[in-house]
There are 2 protein chains.
Amino acid sequence: MTDEPVVTVTIKDVARLAGVSPASVSRALADPRQVRPGTRERVHRAAAALGYHPNQAARALTTGRTRTIGLVVPDITNPIFSTIFQAVQGRARQSGYSVLLVDTGEDPATEVDLVRTLARQVDGFLLCSPRAAQEDLDPFLRATAVVTINHRGRRVPCVTSDNTDGARQAAEHLLALGHRRLAYVAGPAASSDNRERLRGLRTAVAAAGAELTDFTAVSPTYDGGTAAADLVLATSATAVIAFNDVIALGLLNRFTARGIGVPQQISLVGFDDIPFAAMTNPPLTSVAVAKQQIGRTAVDFLLDLLDGRQRSGGSRLMLPTHLIVRGSTGAAPATFAD
Amino acid sequence: MTDEPVVTVTIKDVARLAGVSPASVSRALADPRQVRPGTRERVHRAAAALGYHPNQAARALTTGRTRTIGLVVPDITNPIFSTIFQAVQGRARQSGYSVLLVDTGEDPATEVDLVRTLARQVDGFLLCSPRAAQEDLDPFLRATAVVTINHRGRRVPCVTSDNTDGARQAAEHLLALGHRRLAYVAGPAASSDNRERLRGLRTAVAAAGAELTDFTAVSPTYDGGTAAADLVLATSATAVIAFNDVIALGLLNRFTARGIGVPQQISLVGFDDIPFAAMTNPPLTSVAVAKQQIGRTAVDFLLDLLDGRQRSGGSRLMLPTHLIVRGSTGAAPATFAD
DNA sequence: CCGATGTTTGGAACCGATTTCAGTTGCGTT
DNA sequence: AACGCAACTGAAATCGGTTCCAAACATCGG
C-alpha cells in the first residue's frame with residue numbers, strides 16, 4: 001500500500017505521526033498496558049503505516065541485550081551439528097532471538113579466538129562439543145552467559161546425552177553377537193563425549209571379559225575415519241565402534257574398498273545417528289542422540305539464564321540415547337579357535 | 001596477568017588509563033595515523049591491559065554498520081549449504097564480519113519473513129538458492145545490500161554455477177553410455193538452478209534425439225528422493241538425473257531396497273558433489289560445483305557493494321561445473337528391441 | 001468542591017561508541 | 001622571535017532507542 005521506506009524510519013517519525021512523544025511510542029510497543037488504549041492504537045497504526053522496525057543496535061545499547069545468541073560448533077558440515085542448529089534457530093526465533101553461527105573448524109585455538117571476539121556481540125553462547133580446554137574459555141565466559149552442549153562443565157548449565165549408556169548398549173549388542181575383540185576409534189581428546197563413550201565401552205567390555213583396543217582418529221571426520229581403517233584392520237578386532245557416524249562412514253568406505261565385508265568380517269557401530277547413516281550400504285548401526293531436544297533445551301536453559309530465572313532441578317539435563325540396529329552389525333565371524 | 005574484567009570496560013576506561021580523551025582512543029584504534037606515535041602507544045597499552053573490545057552495538061549505532069552479514073539458506077543440513085557457510089564465514093572473518101545464519105526450512109514464506117525481520121540487523125544478505133519469488137523479497141532488499149548465490153536476479157550481483165553446462169555434461173555422459181530414455185527428478189520450481197539444469201538436459205537430450213521425462217520431487221531432500229523413486233521406476237527410463245545429490249541418495253536407497261541394480265539396471269547422476277556422494281555404494285556420479293569459491297566470491301561481492309566499490313566486469317560471476325564420474329553410472333542395459 | 005491518589009505522558013539523561021569542529025601544540029620559515 | 005601551517009587533541013553532538021523523573025491529568029472519597 002504505502003511505499004516502503006528507502007530511508008530508515010526511526011521512533012521519532014512514528015512519534016510525530018502518532019502525535020505523541022518517542023517515550024510513549026517505546027512504551028506502547030514494549031508494554032501496551034503502560035499507555036492508554038487510544039494512544040496505543042494510534043501508535044500501532046502509525047508504526048504499521050511507516051513500516052517501523054526498531055533499530056536493534058540502538059536498543060542493544062540501552063538494554064544491554066543484543067537478542068542474539070552464538071552457537072559455536074566444531075564443524076557445521078557434520079549433520080549432527082546442522083541438525084542441532086535448526087533446532088536452536090527454531091526455538092530462538094520463538095523468543096525473538098537470532099543465531100550467530102560460529103564454525104571453529106575443530107580447532108581449539110580458533111574456538112577461543114572466536115569466542116573472545118564475539119563475546120560482546122551476543123547475549124550468550126551455546127558451546128556445542130567444545131574442543132578447547134575449559135580454562136582457556138573461562139575468562140571470556142565470566143561476562144557472558146553460557147550453556148554447553150555435549151559437555152559437562154563444572155558450574156555451567158549443560159545439556160548432554162547419556163553417552164556412557166549409549167556406549168554400553170553398543171558394546172552389549174556386539175558382545176551378544178559373539179564379538180570378543182572390539183576396537184574404538186576415538187574422537188578429540190578434549191571432547192567429554194569421547195571420554196564418556198570410551199568409559200562406557202570399557203566398563204561393558206571388561207564386565208564381559210572381552211577385549212578393547214582404542215585408537216584416536218586424526219580428526220572426527222570422514223577422512224579421519226578412512227585413515228583409521230587400516231589401523232583397525234591391523235588388529236584382530238571383529239567389531240569397531242566409532243566416536244561418531246562421520247568417522248564410521250569413513251571406516252565403512254575403506255573397509256569396502258579393501259574388500260572387507262561389513263558385517264560379515266567386521267561389524268561397525270557409529271554414534272549420533274545422522275540421516276546419512278541410514279543411507280549407506282549396509283546401513284549403519286548407530287547410537288541415536290536426541291538432537292532436536294538437545295537444541296531446544298539448550299536454548300531454554302540459556303534464556304532462563306539471561307532472564308535470571310531459576311530452574312528447579314538446576315539447568316543440567318542428560319538425555320537418553322538408544323541404539324539403532326541396522327545392517328552394519330552382525331554375528332562375529334567364526335574364528336580358528338581362540 | 002591482569003584480572004579479566006567482570007564488568008564491561010568501555011572506551012572511557014581506556015581513555016582514563018591512557019590519560020587521553022575517548023576521542024583519541026577511538027582514533028588510535030581505528031586509524032593509527034591519526035594520532036602521534038606516543039599517544040598511540042599508550043592507548044594500545046591501556047586497551048590491552050584492560051582487555052578492551054569495543055561495544056559493537058554502540059559502534060553500529062553511529063556508523064550504521066553492524067559488521068554482520070546474513071546468510072540465508074533453504075536447509076543447512078544439506079552439505080552443499082554447510083560447505084558454502086564455511087567458505088562464507090572464512091572470508092567474512094578476514095574482513096571482520098560475523099555471519100548470521102538463517103535456515104528457511106525450504107519455505108518461501110518463512111524466507112520472506114526472516115529476511116524482513118533481520119534486514120535491519122545485518123549490513124547485507126547473501127541469499128543462497130532463494131525459494132521465494134523475487135518480487136516478494138524486493139521491497140525489503142531495497143534498503144539492504146544483497147548478493148544472490150545460485151540465482152540469477154535482474155539487477156542484483158550474483159554468483160552462480162554453470163548449471164546448463166553441467167547438465168549437458170551429465171546428459172552427454174549418459175547418452176554416450178547408450179541411454180536413450182532419461183528421467184529428471186526436479187527440485188523446487190522457484191529455483192533458477194533447477195530451471196537451468198532442466199534446460200541443459202532438454203537441449204542435450206533433444207540434440208541426440210533421445211527422450212526425457214521429468215518429475216518434481218516433493219522436496220529437495222532425501223525423503224523427497226525416496227518418494228520419487230517409484231515414479232521413476234514406473235517409466236522405462238534407464239538413467240536418472242536428480243536435481244541434487246541429496247535427492248539422488250534418496251533415489252539410490254530406494255532403488256537398492258527395491259532390488260534394482262545401480263548402475264546395472266538404472267544409472268544415476270546427482271548435482272553438487274557433496275562429500276557423502278563419494279561414500280555411497282555405489283559411489284555417486286555427480287556434477288561438481290565450486291562450493292568454496294562460490295562462498296568466497298559472494299562475500300567479496302557483498303563487501304564491494306557495502307564499501308561502494310565497483311567491479312570491473314560487474315558483480316556477476318558464473319563458475320564452471322564438471323562431471324565427476326563414479327560408480328552409479330554405467331552402460332545402458334540391453335533392452336528387448338526399441 | 002477539594003485534596004489525595006493513581007494513571008498517562010513528555011522531557012531529559014543515558015547507553016558507548018564515532019565524528020565534527022574548533023582549539024592547541026609543534027615545527028619549519030623568514 | 002614571530003608567523004603560518006600542519007598535525008594532533010578534546011569537547012560536544014550524534015546515532016536511536018529505553019527509562020527515570022516529574023508534571024499533568026483524571027478519578028475518587030469525603
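Each chain gets a letter, A, B and so on, in the order its sequence line appears, and its residues count up from 1.
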Engineer: A/V72 and side-chain contact (heavy atoms from CB on, under 4.5 Å): which partner among A/T148, A/T104, A/I149?
Structural biologist: A/T104
Engineer: At their closest point, which heavy atom of B/V156 faces which heavy atom of B/V146, and how far apart are they?
Structural biologist: CG1-O, 3.4 Å
Engineer: Using a 4.0 Å cut-off to any heavy atom of chain B, which nucleotides of DNA chain D are the first and last in contact, reading 5' to 3'?
Structural biologist: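 First and last nucleotides in contact are D/dC8 to D/dG16.
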Engineer: So for the helix from C/dC1-D/dG30 to C/dT30-D/dA1, with five pairs setting each end axis, what is the inter-axis angle to 10°?
Structural biologist: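 Rounded value for the end-axis angle: 50°.
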Engineer: Is there a donor in the side chain of B/Q89 and an acceptor in the side chain of A/D103, or the other way round, less than 3.5 Å apart?
Structural biologist: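 No, because no side-chain N or O of B/Q89 sits under 3.5 Å from a partner of the opposite role on A/D103.
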Engineer: Indicate yes or no for a side-chain donor-acceptor contact from A/R40 to the backbone of A/R33 under 3.5 Å, with no hydrogens or angles considered.
Structural biologist: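 Absent.
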Engineer: Select base, sugar-phosphate, or nothing to describe what A/R120 touches, counting heavy atoms under 4.0 Å on all strands.
Structural biologist: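 Nothing, no nucleic acid heavy atom in range.
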Engineer: What I'd like to find out is whether the side chain of B/S161 reaches to under 4.5 Å of the side chain of B/I294, using heavy atoms alone.
Structural biologist: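 With C-beta onward as the side chain, the pair touches.
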Engineer: Given that A/R36 and A/T10 both sit by DNA chain D, which one's nearest nucleotide is further toward the 5' end?
Structural biologist: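 So the residue in question is A/T10.
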Engineer: Please check if the side chain of B/T62 supplies one atom and the backbone of B/R59 the other of a donor-acceptor pair under 3.5 Å.
Structural biologist: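 Such a contact is found between B/T62 side chain and B/R59 backbone.
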Engineer: Checking side-chain polar atoms at under 3.5 Å, does A/D75 have a donor or acceptor matched by the opposite partner on A/T77?
Structural biologist: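 Side chains of A/D75 and A/T77: pair found under 3.5 Å.
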Engineer: Taking any heavy-atom pair under 4.0 Å as a contact, classify A/S26: base, sugar-phosphate, or nothing.
Structural biologist: base
Engineer: Just by modelled atom types, is the A/S95 backbone N or O under 3.5 Å from a matching donor or acceptor in the A/R67 side chain?
Structural biologist: yes
Engineer: Specify the separation, in whole Å, of atom CG of B/L29 and atom P of C/dA17.
Structural biologist: 10 Å
Engineer: Expected output is a numbered-order residue list: members of residues 61-70 of chain B with a heavy atom under 4.0 Å from any atom of DNA chain D. What is it?
Structural biologist: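 Within this stretch, B/L61, B/T62 sit under 4.0 Å of the strand.
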Engineer: Could you pull out the closest heavy-atom pair between A/F85 and B/I76, with the gap in Å?
Structural biologist: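 The pair with the smallest heavy-atom distance is CD2-CG2, 3.7 Å.
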Engineer: Pick base, sugar-phosphate or nothing for A/V25, based on heavy-atom distances below 4.0 Å to the nucleic acid.
Structural biologist: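 A/V25: no heavy atom of the nucleic acid under 4.0 Å.
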Engineer: Mind calculating the distance between CD1 (A/I11) and P (C/dG10) to the nearest angstrom?
Structural biologist: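 My rounded result for the distance is 12 Å.
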Engineer: Is the shortest distance from a Lys or Arg side-chain nitrogen in B/D307 or B/R65 to a carboxylate oxygen in the other one below 4.0 Å?
Structural biologist: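 Salt bridge: yes.
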Engineer: Between atom CZ in B/R59 and atom C1' in C/dT18, what is the gap in whole Å?
Structural biologist: 9 Å
Engineer: Should the side chain of A/R27 and the base of C/dG10 be counted as holding a donor-acceptor pair, with the cut-off at 3.5 Å?
Structural biologist: yes
Engineer: Does any part of the side chain of A/S191, heavy atoms only, come nearer than 4.5 Å to the side chain of A/R131, both counted from C-beta?
Structural biologist: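 In contact.
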Engineer: Using whole Å, report how far CD of A/Q34 lies from P of C/dG6.
Structural biologist: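 So the CD-P distance, A/Q34 to C/dG6, works out to 17 Å.
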